[in-house]
Enquirer: 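This is the structure, below, for whatever I ask next.
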Amino acid sequence: MTYNFDKNWANGNNGYPLNDEEVQRYISVVPSENQFRLLQNPFYCFMHFGMNTATAREWGTGTEKASDFTIKSICAPQWINAVKAAGATGVILTCKHHDGFCLWPSEYTEFSVKHSGFDGDIVKMVSDACKAKNLAFGVYLSPWDMHDERYGTEAYNDYFCNQLTELLTNYGEINEVWFDGAKGANARAFEYDWTRYYALIRKLQPNANIAICGPDIRWVGNEGGKTRKSEFSVVPKTLCMAETVSENSQHSEKDSVKLKNLTSTDEDLGSRSVLEKSKELCWYPAEVDVSIRKGWFYSKNENVTVKSGKKLFKLYLTSVGNNCTLLLNVPPTDKGVIHHKDAKALKNLGKRIKEMTANPILIENLGTFSKKDGYIDFSFDRERKLKYIIIKEDISKSQRVEAFDIFLKTKNGKYKKAASKTIIGACKIIPIKGKKCVGARLVVRQSRSNPVISEIGFYE
């Protein structure tokens, strides 16, 4: 087969403008320092743990008492060792779920661990364990509260901000604050004061990213690990409106099953045809939140649903390897530990991630392409059995590449197409499945101004 390598970004750009005023508007959108730092550590773990762990539910009822939290002890270092073995770089703890029960001895409610049989501050135990292993720590605080009588009044916004203040001042550096818009169908109508919440976080933890009902990290759109073919980070600014996210969040317990089945692969959030219609743009990278089990809280009935290391690695490739971050939920048990099945799967995942880049063939830092770089050739020292190609754009210069091809060069000098993709972004991982070759060719077909590739690596 004959391939037209001269049909590239430097020669036609697939018929799209390369450097006009509109393109300059797109590439002027870049990540904040917090967002940039996040994308250098794109894999971290959720830990759903709380009243629902003790009562064996996914969602509470609002009628629980503090004494219903019957868990007497936890082993936080074991939690952190398990997720660190997977290669995760941080943890987000459900400090308060929808039932309203607080895992720390809050001064503003009696519904917390201080009135249960648990002796201690679970938030502190987990944050301290993270610090001991150099993992980032983040907090989840549910805006919806089934238990507190102030919910639905302005006094609740005061209460919520008091809770936030405790979490943001008593536990050291907070890496991420995670909100959702989940609310029961019968919950009182109430508008959360997002502007106030955000301002408080910026003041107390200026280095923290705010997700998912937040301006820094967007929800990928489902809880089943699905990502789009083209997962853009430069999107219309309207997407970061918390109220919009809230409307699409869970509104009943059964919704969590529905969300897992959603497929967002056909959705277009950041193509030129979308951006040109939006006056304001923003950098808003996607986070993939998915559970290692069927549910989000531990249930002994779901031990058989633990995803294998192989399946988790596939999720890693399609999330971290597709310009997203991965937030993998790993729920501790009612015995206060990570179940051995979960721990085994996490260890296997970590092994697979390490093996992916254990045998580099060639790694090059390319930088800004010039007009002569319509395509770039790479030569190996000998015939190699290629398994993975990892490409990273310099996202400090925005997200530019819109279409590219990878070709492998065989011993007889011929080229065979190995991949045809759209975006790159912070990281694109391309499995090659052990194909033999002596070199490769990268052809950027379409770009927003000159491509800027920070790194390309070939691994066997």
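We number each residue from 1, following the sequence as shown.
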Enquirer: For Val288, is there any backbone N or O sitting under 3.5 Å from a side-chain donor or acceptor partner on Ser319?
Expert: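 Answer holds: no.
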Enquirer: Could you tell me whether a side-chain N or O of Asn41 sits under 3.5 Å from a main-chain N or O of Thr89, the two making a donor and an acceptor?
Expert: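 Such a contact is absent between Asn41 side chain and Thr89 backbone.
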Enquirer: To the nearest 0.5 Å, what is the distance between NZ (Lys226) and CG (Leu315)?
Expert: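 Those atoms lie 9.5 Å apart.
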Enquirer: Side chains of Ile406 and Ile389: closer than 4.5 Å at any heavy-atom pair?
Expert: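 Yes; the side chains approach each other to less than 4.5 Å.
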Enquirer: Report yes if the side chains of Tyr459 and Leu386 come closer than 4.5 Å at any heavy-atom pair, otherwise no.
Expert: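 They are not in side-chain contact.
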Enquirer: Just so I know, are the side chains of Asp289 and Glu223 near enough to count as touching, which here means a heavy-atom distance under 4.5 Å?
Expert: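 Yes; the side chains approach each other to less than 4.5 Å.
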Enquirer: Taking all non-hydrogen atoms of both residues, which atom of Met125 and which atom of Gly120 are closest, and how far apart?
Expert: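 The pair with the smallest heavy-atom distance is CE-CA, 4.2 Å.
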Enquirer: Are the side chain of Lys421 and the backbone of Ala403 linked by a donor-acceptor contact shorter than 3.5 Å?
Expert: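 No; judged by distance alone, with no hydrogens or angles, the pair does not exist.
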Enquirer: Counting heavy atoms not belonging to Asp119, are there more than 12 under 6.0 Å from its CG?
Expert: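 Atom CG in Asp119 is not packed in, count stays at 12 or less.
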Enquirer: May I ask you to check whether Trp59 and Trp296 place their ring centres under 6.0 Å from each other?
Expert: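 Between Trp59 and Trp296, which both carry aromatic rings, the centre distance is not below 6.0 Å.
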Enquirer: Please report the closest heavy-atom contact between Pro236 and Leu281, naming both atoms and the distance.
Expert: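 The answer is CA-CD2, 4.2 Å.
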Enquirer: Determine, for Asp128 against Lys133, whether the closest basic-nitrogen to carboxylate-oxygen distance falls under 4.0 angstrom.
Expert: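 Salt bridge: no.
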Enquirer: Any donor-acceptor pair under 3.5 Å linking the side-chain atoms of Asn162 with those of Thr165?
Expert: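 Short answer, no.
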Enquirer: Sub-3.5 Å donor-acceptor pair from the side chain of Arg37 to the main-chain atoms of Asn207, do we have one?
Expert: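 Here the side-chain-to-backbone pair exists.
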Enquirer: Can you tell me if Asn348 uses its side chain to pair, donor with acceptor, with the backbone of Ala343 under 3.5 Å?
Expert: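 Judged by distance alone, no pair lies under 3.5 Å.
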Enquirer: Tell me whether Glu231 is salt-bridged to Lys428, with the criterion being a basic N under 4.0 Å from an acidic carboxylate O.
Expert: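 The answer is no: the pair does not qualify as a salt bridge.
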Enquirer: Does a salt bridge link Glu355 with Arg352, judged by any charged N lying under 4.0 Å from a carboxylate O?
Expert: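 No, no charged N to carboxylate O under 4.0 Å.
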Enquirer: Please check if the distance between the ring centroids of Phe137 and Tyr171 is under 6.0 Å.
Expert: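 Distance test on ring centres: not under 6.0 Å, no.
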Enquirer: List the atom of Gly50, the atom of Phe69, and the distance in Å for their closest heavy-atom pair.
Expert: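 So the two residues come closest at O-CE1, 3.4 Å.
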Enquirer: Assert yes or no for the condition that the ring centre distance of His97 to Tyr140 is strictly below 6.0 Å.
Expert: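 Aromatic pair counts; centres sit under 6.0 Å.
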Enquirer: Taking Leu168's backbone N and O only, do any of them form a donor-acceptor pair with Gln205's side chain (distance below 3.5 Å, no angle check)?
Expert: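 Checking the backbone N and O of Leu168 against the side chain of Gln205, a donor-acceptor pair under 3.5 Å is found.
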Enquirer: Report, as yes or no, whether the 6.0 Å neighbourhood of atom NZ on Lys131 holds more than 12 heavy atoms from other residues, nucleotides or ligands.
Expert: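 Yes.
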Enquirer: Can you check whether Trp104 reaches Lys124 side chain to side chain, under 4.5 Å on heavy atoms?
Expert: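 Result no, sub-4.5 Å side-chain heavy-atom pair not found.
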Enquirer: Could you tell me whether a side-chain N or O of Glu455 sits under 3.5 Å from a main-chain N or O of Lys392, the two making a donor and an acceptor?
Expert: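 Absent.
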Enquirer: Determine whether a donor-acceptor pair (N or O, by modelled atom type, separation under 3.5 Å) exists between the side chain of Asp99 and the backbone of Gly60.
Expert: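 Answer holds: no.
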Enquirer: For a 4.5 angstrom cut-off between non-hydrogen side-chain atoms, does Arg400 reach Glu393?
Expert: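 In contact.
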Enquirer: Okay, side chain of Ser398, backbone of Val29: is any donor-acceptor separation there less than 3.5 Å?
Expert: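 Indeed, once roles are kept as given, a pair shorter than 3.5 Å links the two residues.
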Enquirer: Just so I know, are the side chains of Phe36 and Val30 near enough to count as touching, which here means a heavy-atom distance under 4.5 Å?
Expert: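 Side-chain contact under 4.5 Å: no.
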Enquirer: Roughly how far apart are Lys397 NZ and Ser28 OG, rounded to 0.5 Å?
Expert: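 Lys397 atom NZ to Ser28 atom OG measures 14.0 Å (nearest 0.5 Å).
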Enquirer: Without hydrogens or angle criteria, can the side chains of Asn52 and Glu58 be said to hold a donor-acceptor pair below 3.5 Å?
Expert: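 Result is no, nothing qualifies.
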Enquirer: Are Glu402 and Arg448 within salt-bridge range, i.e. N to O under 4.0 Å?
Expert: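 Salt bridge flag = yes for Arg448 with Glu402.
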Enquirer: Going by an N to O cut-off under 4.0 Å, is there a salt bridge joining Glu64 and Arg57?
Expert: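 Judged by the 4.0 Å cut-off on N to carboxylate O distance, Glu64 and Arg57 do form a salt bridge.
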Enquirer: State which residue, out of Tyr156, Trp178, Phe160, fulfils the ring pair (Phe, Tyr, Trp, His ring centres under 6.0 Å) condition with Tyr197.
Expert: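 Exactly one candidate clears the test, Phe160.
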Enquirer: Counting C-beta onward and ignoring hydrogens, is there a side-chain heavy-atom pair between Ile353 and Phe43 closer than 4.5 Å?
Expert: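 Of all side-chain heavy-atom pairs linking Phe43 with Ile353, at least one is under 4.5 Å.
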Enquirer: If I compare all heavy atoms of Gly425 with all of Ile395, which pair ends up nearest, and what's the gap?
Expert: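 The pair with the smallest heavy-atom distance is C-CG2, 3.9 Å.
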Enquirer: Any cation-pi pair here, Lys183 with Tyr192, using under 6.0 Å and within 45°?
Expert: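 Yes, Lys183 sits over the ring of Tyr192.
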Enquirer: Between Thr53 and Asp334, do the side chains contain a donor N or O and an acceptor N or O under 3.5 Å apart?
Expert: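 There is no such pair between these side chains.
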Enquirer: Take atom NZ in Lys387; do more than 12 heavy atoms of anything else shown fall under 6.0 Å from it?
Expert: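 Not more than 12 within 6.0 Å, no.
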Enquirer: Is the shortest side-chain heavy-atom distance between Gln78 and Ile338 below 4.5 Å?
Expert: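 Heavy-atom side-chain distance check passes, below 4.5 Å.
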Enquirer: At what distance, to the nearest 0.5 angstrom, does CG of Asn209 lie from CD of Glu287?
Expert: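 Result: 9.5 Å between the selected atoms.
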Enquirer: Are Trp79 and Phe49 an aromatic pair, judged by ring center distance below 6.0 Å?
Expert: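 Yes.
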Enquirer: Start with the C-alpha gap between Phe111 and Phe101, add the side-chain angles, then the distance that decides, and say whether ring pair (Phe, Tyr, Trp, His ring centres under 6.0 Å) holds.
Expert: CA-CA 5 Å; Phe111 195 46; Phe101 184 74; 5.3 Å; yes
Enquirer: Verify whether one side chain among Tyr284 and Ser233 offers a donor that lies under 3.5 Å from an acceptor in the other.
Expert: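 On atom types as modelled, these side chains do not qualify, holding no pair under 3.5 Å.
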Enquirer: Does Asn301 offer a backbone N or O that forms a donor-acceptor pair with the side chain of Ser299 under 3.5 Å?
Expert: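 A pair under 3.5 Å: yes.
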Enquirer: Can you name the closest pair of heavy atoms from His147 and Gly100 and give their distance?
Expert: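 Nearest pair, atom of His147 first, then Gly100: CB-CA, 4.5 Å.
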Enquirer: Do you know the tightest heavy-atom contact between Leu328 and Ser291?
Expert: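 Minimum heavy-atom separation between Leu328 and Ser291: CD1-C, 4.2 Å.
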Enquirer: Check the pair Trp194 / Phe179 against ring pair (Phe, Tyr, Trp, His ring centres under 6.0 Å), numbers first and verdict last.
Expert: CA-CA 10 Å; Trp194 295 114; Phe179 296 137; 5.7 Å; yes
